[in-house]
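Worksheet: the structure to be examined is printed underneath.
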Amino acid sequence: MSRKIVVTSALPYSNGPIHIGHLVEYLQTDIWVRFQKICGNQCFYFCADDTHGTPIMISARDKNIEPEKLIDQVHKEHKADFDNFFIEFDNYYSTHSPENKQFSQEIYKRLKQAGSIVKKNIEQTYCENCNMFLPDRFVRGICPKCKADDQYGDSCDKCGGTYHPTDLIESHCSVCGNTPSLKKSDHLFFKLADYTPQLKELIASGYTQQSMSNKLKEWFDSGLKDWDISRDGPYFGFEIPGEENKFFYVWLDAPIGYMASVKNYCDNNGLDFEKLWNSDEYELYHFIGKDIMYFHALFFPAMLIGSGYKTADKLFVHGFLTVNGEKMSKSKGTFIKASTYLNHLNPEYLRYYYASKLTGGVEDLDLSVEDFINKTNSNLVGKFANLASRSGPMLKKKLDGKTGALNQAGKKLIEKLASAKEEIIKDYENLNYASAVRLIVSLADDANKYIEENEPWKTVKEDLEKTRTTLTAAINAVKILTIYLKPILPEYAGKVEEFLNVEPLTFDDVEKTLENHTINKFKRLINRVEREQVDAMIEESKQDQAQQPPTKEEKPQLPIEPIAQECTIDDFIKADLRIAKVIEVGPVEGADKLLALKLDIGGIEKNVFAGIAKAYKPEELIGKLVVCVANLKPRKMKFGISEGMILAAGPGGKDIFMLSVDQGATPGQRIK
RNA sequence: GCCAGGGUAGCUCAGUUGGUUAGAGCACAGGAUUCAUAAACCUGAGGUCGUGAGUUCAAAUCUCACCCCUGGUACCA
């Protein structure tokens with residue numbers, strides 16, 4: 001009996017282009033959906049753009065256009081990228097849609113009715129100049145913990161510390177540079193903790209992979225917190241019913257966007273939304289990256305439970321993409337946009353490469369450029385395409401393109417290929433595409449070996465019918481392998497179908513042999529990758545980096561930290577800066593960023609803890625002259641009392657640079 | 001430091017509930033071949049499965065300790 005399935009991928013944010021990291025998810029999902037369809041199951045694939053929030057609003061303002069216009073443009077770009085990668089959505093919609101507004105407001109009302117919404121008065125950073133509340137990442141300043149410059153309001157990139165935007169030193173609005181003030185406002189909170197038992201039950205039922213359940217357990221153990229779901233205007237989003245100038249936080253309506261996309265599709269195609277989304281008749285799966293687990297494993301299901309909708313059957317969580325073993329990097333040219341990739345390379349190379357490495361686990365997936373080229377040329381071209389290319393043309397030219405019947409050996413080969421079907425189906429179903437690909441490649445090896453052994457290029461000179469028999473097996477092998485690869489390589493499969501002169505192939509066709517069948521003229525199926533093409537793509541990505549607009553993850557960058565408020569010489573002189581000699585240095589037990597220093601300031605000794613352990617080794621500091629704030633109020637720390645501070649510049653981590661002192665200065669001398 | 005997840009051939013990765021001599025692809029060396037997109041085919045070399053101990057007739061697999069990497073979190077006046 002055929003299954004009925006609804007599938008979603010996470011919604012890409014409307015503030016940036018699709019890149020090859022995004023594509024891991026969309027390709028993983030698309031392959032799965034195509035697989036289901038080829039198996040004869042009914043499977044719908046839904047997605048949409050995630051269009052709301054402050055970054056979109058600001059971005060539109062920068063471009064001097066309405067947000068609606070911006071998200072419209074981006075929607076077209078995203079859709080084009082997906083189309084070009086053969087990612088086949090049944091509906092690619094938008095969260096800025098009437099359906100989404102209706103669902104969001106309705107779900108909110110039901111949650112409110114259920115007593116799951118509370119109002120709290122909270123104080124928040126506000127920019128008087130921009131007339132808006134600033135989300136944490138739009139407040140920037142010096143990290144209060146490690147003093148790294150230009151950090152976000154919620155956490156520091158350098159030391160990893162978390163804090164509140166109000167803790168930042170010299171904080172400023174990242175839009176206009178003004179110092180933000182504090183303003184109180186009512187916010188609405190969703191009482192997530194109320195749903196702890198149901199959520200625990202959901203996770204226990206196998207909602208996610210095991211390693212993700214472990215992660216969730218940590219969150220449960222530390223207790224679920226109320227979730228702030230409202231934002232004050234101006235905010236690009238949906239108004240909250242019954243409130244004045246309040247909008248839903250973008251992450252509230254984003255997952256609801258799945259529902260909106262389904263609803264929109266149902267209305268346009270005469271289908272019943274309640275059946276597709278909310279009944280047992282359809283299985284429901286969400287594909288997501290591990291970074292948005294919190295939303296999909298906690299907030300969203302809790303909201304659904306609270307408002308009377310069913311939750312998904314499973315969450316398929318995948319890891320991130322690394323390139324050559326590292327995070328994607330703009331300066332190294334490995335932050336590759338989908339459109340840049342397409343300027344140089346065939347999308348099916350990437351589909352095949354990802355498939356050959358996806359296992360259904362949450363581990364990160366590495367795109368090694370070397371491996372990518374090798375795998376493409378060796379497998380795709382050398383094994384699959386070559387199998388067709390060494391059999392089709394000969395059959396066409398020498399034997400009128402007509403297959404004959406299989407002999408014993410041919411049958412044996414074809415039966416072997418066909419008998420792998422169940423295992424391949426199982427691998428696809430379990431998202432273990434890597435395993436499926438390994439198996440398919442080994443079958444291609446068998447087929448190539450078969451041709452080798454039967455030497456049709458020799459028999460063609462003396463025994464045409466024997467040659468026909470050999471090539472009949474080869475052609476049938478091509479057909480079966482193509483079916484197996486079709487979820488991964490839809491365009492390639494289409495070309496093979498045309499050349500084999502058959503209707504679109506499905507898994508049902510595996511057992512049907514092509515005997516006494518006339519094929520069409522062979523056309524080249526796929527080209528080899530040249531290293532130059534890949535190099536050119538990386539080069540273009542490097543050049544691209546300057547113009548690339550900030551995406552949701554890529555936060556806006558300021559060139560330098562703004563100059564602080566004016567001060568007088570009297571203010572400056574309050575800080576008593578002295579030349580100090582480092583006389584002892586040691587690590588601090590239990591802290592990997594701290595060094596304990598003993599300083600000689602002209603006969604006076606001071607103990608100072610400095611957060612420079614990642615940048616300096618104790619032995620290189622001994623005897624060094626440094627600049628120290630000598631009259632800093634001693635501070636009690638977890639590890640002891642710090643009686644001063646050493647001056648240094650840099651963002652933090654390994655990039656910390658201490659001020660050095662020119663020859664001649666002696667410990668204790670004052671700096672002025 | 002704490003919590004996860006990893007560590008298998010030069011590179012990218014498989015290894016099912018513990019079960020013969022630990023596998024594949026690529027890269028490498030040699031051979032044979034030429035139908036095919038310098039493709040395919042045969043042979044070979046390459047591993048103390050992070051380290052050390054333990055359980056067992058048997059450990060890459062289970063237990064413990066330690067080392068290293070990644071992510072999260074903490075200290076960082």
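Sequence lines set the chain letters: A, B, ... in the order given, protein chains first and strands last, and positions in each chain run from 1. No hydrogens, no waters, no symmetry mates; every other heavy atom, side chains included, goes into these values.
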**Request:** For the pair A/Trp227 and A/Phe299, name the ring-plane relationship: parallel under 30°, tilted 30 to 60°, perpendicular over 60°.
**Result:** parallel
**Asked** Just checking A/Thr359: base, sugar-phosphate only, or nothing, at a heavy-atom cut-off of under 4.0 Å?
**Response** sugar-phosphate
**Message:** Could you work out, with side-chain hydrogen bond (donor to acceptor under 3.5 Å, both in side chains) as the rule, every residue matching A/Thr322, not counting sequence neighbours?
**Reply:** A/Asp366
**Message:** Over 60° means perpendicular and under 30° means parallel, so tell me whether A/Phe316 and A/Phe287 are parallel, tilted or perpendicular.
**Reply:** tilted
**Message:** Using a 6.0 Å cut-off, check whether atom NZ of A/Lys290 has over 12 heavy atoms from anything other than its own residue.
**Reply:** yes
**Item:** Pairing nucleotide - B/G25, Watson-Crick or G-U, each distance under 3.5 Å
**Value:** B/C11
**Message:** What is the separation between atom CG on A/Asp364 and atom P on B/C13, rounded to the nearest whole Å?
**Reply:** 10 Å
**Prompt:** Could you give the OH-to-C1' distance, from A/Tyr433 to B/U12, as a whole number of Å?
**Reply:** 20 Å
**Request:** Using the P atoms only, state how far B/G10 lies from B/A45, rounded to an integer number of Å.
**Result:** 15 Å
**Request:** Under a 3.5 Å limit for both distances, which nucleotide forms a Watson-Crick or G-U wobble pair with B/A4, could you say?
**Result:** B/U70
**Asked** What integer number of Å spans the P atoms of B/U61 and B/C41?
**Response** 34 Å
**For atom NZ of A/Lys606 and atom C1' of B/A77, their distance in whole Å** = 12 Å
**Prompt:** Between A/Glu497 and A/Lys486, is there a salt bridge with N-O shorter than 4.0 Å?
**Reply:** yes
**Request:** In whole angstrom, give me the gap between the P atoms of B/A14 and B/A74.
**Result:** 32 Å
**Request:** Could you work out the separation of B/C49 and B/G6 based on their C1' atoms and round it to a whole Å?
**Result:** 14 Å
**Prompt:** Which residues satisfy the side-chain hydrogen bond (donor to acceptor under 3.5 Å, both in side chains) test with A/Tyr353, sequence neighbours excluded?
**Reply:** A/Lys357, A/Asp371
**Message:** Without decimals, in angstroms, what is the distance between A/Asn454 CG and B/A40 P?
**Reply:** 19 Å
**Message:** Going by purine N1 to pyrimidine N3 plus the second Watson-Crick contact, or the G-U wobble pair, all under 3.5 Å, which nucleotide sits opposite B/C41?
**Reply:** B/G31
**Request:** Between A/Val381 and A/Lys290, name the one whose nearest nucleotide on RNA chain B is closer to the 5' end.
**Result:** A/Val381
**Message:** What contact category does A/Asn377 fall into here, base, sugar-phosphate, or nothing, at under 4.0 angstrom with non-hydrogen atoms?
**Reply:** nothing
**Message:** What's the gap between B/C13 and B/A59 when it is taken at their P atoms, as a whole Å value?
**Reply:** 28 Å
**Request:** Name all residues meeting the side chain to side chain contact (heavy atoms under 4.5 Å, CB included) criterion together with A/Ala434; count only those two or more places apart in sequence or in a different chain, and write none if there are none.
**Result:** A/Thr359, A/Asn432, A/Arg438
**Asked** For atom NZ of A/Lys466, is the number of surrounding heavy atoms from other residues, nucleotides or ligands below 6.0 Å larger than 12?
**Response** no
**Request:** Answer with base, sugar-phosphate or nothing: what part of the nucleic acid does A/Lys357 contact at a heavy-atom distance below 4.0 Å?
**Result:** sugar-phosphate
**Request:** Answer yes or no: does a side-chain N or O of A/Ser378 lie under 4.0 Å from OP1 or OP2 of B/C26?
**Result:** yes
**Item:** Rounded distance in Å - CE (A/Met212) to P (B/G5)
**Value:** 9 Å
**Request:** Please report, rounded to the nearest Å, how far the P atom of B/A77 is from the CG atom of A/Leu599.
**Result:** 14 Å
**Message:** Measuring to OP1 and OP2 of B/G25, would you say a side-chain N or O of A/Arg438 lies under 4.0 angstrom away?
**Reply:** no
**Message:** Please name the nucleotide paired to B/U20 by Watson-Crick or G-U wobble geometry with both distances under 3.5 Å, or report none.
**Reply:** none
**Message:** Roughly how many Å apart are B/U63 and B/C76, using the P atom of each and rounding to a whole number?
**Reply:** 37 Å
**Request:** Indicate the ring-plane relationship of A/Phe300 and A/His296, choosing parallel, tilted or perpendicular according to the 30° and 60° boundaries.
**Result:** perpendicular
**Prompt:** Within a radius of less than 6.0 Å around CD of A/Gln408, do more than 12 heavy atoms belonging to other residues, nucleotides or ligands occur?
**Reply:** no
Using distance only, find each side-chain donor-acceptor pair of residues 379-396 of chain A under 3.5 Å and give its atom names and separation, not counting sequence neighbours.
residue  : atom : partner  : partner atom : Å
A/Asn379 : ND2  : A/Tyr352 : OH           : 2.9
A/Lys383 : NZ   : A/Asp445 : OD1          : 3.3
A/Asn386 : ND2  : A/Gly382 : O            : 3.4
A/Arg390 : NH1  : A/Asn448 : OD1          : 2.9
A/Arg390 : NH2  : A/Glu452 : OE1          : 3.1
A/Ser391 : OG   : A/Leu387 : O            : 2.7
A/Ser391 : OG   : A/Ala388 : O            : 3.3
A/Lys396 : NZ   : A/Ile519 : O            : 2.7

**Request:** Let me have a per-nucleotide readout for nucleotides 29-36 of chain B, 5' to 3', with B, S or -, counting only protein heavy atoms under 4.0 Å.
**Result:** -----SBB
**Request:** Looking at every strand, decide which applies to A/Leu387 at a 4.0 Å heavy-atom threshold: base, sugar-phosphate, or nothing.
**Result:** nothing
**Message:** In this structure, how many angstroms lie between the C1' atom of B/A4 and the CG atom of A/Leu216, rounded?
**Reply:** 12 Å
**Message:** With rounding to the closest Å, how many angstrom separate the C1' atoms on B/A22 and B/A60?
**Reply:** 8 Å
**Same-atom distance (P) from B/U8 to B/C62, integer angstrom** = 16 Å
**Prompt:** Choosing from B/C42, B/G71, B/A39, which nucleotide comes nearest the side chain of A/Arg528?
**Reply:** B/A39
**Request:** Quick one: label A/Lys375 by what it contacts on the DNA or RNA (base, sugar-phosphate, nothing), any heavy atom closer than 4.0 Å.
**Result:** nothing
**Asked** Tell me: CG of A/Leu367 to P of B/C26, nearest whole Å?
**Response** 18 Å
**Request:** Indicate, with a heavy-atom threshold strictly under 4.0 Å, whether A/Ile373 touches base, sugar-phosphate, or nothing.
**Result:** nothing
**Asked** Do side-chain atoms of A/Lys375 reach the backbone of A/Ile373 as a donor and acceptor pair under 3.5 angstrom?
**Response** no
**Request:** Could you check which residues of residues 423-431 of chain A get a heavy atom under 4.0 Å from RNA chain B? Sort them by number, please.
**Result:** none
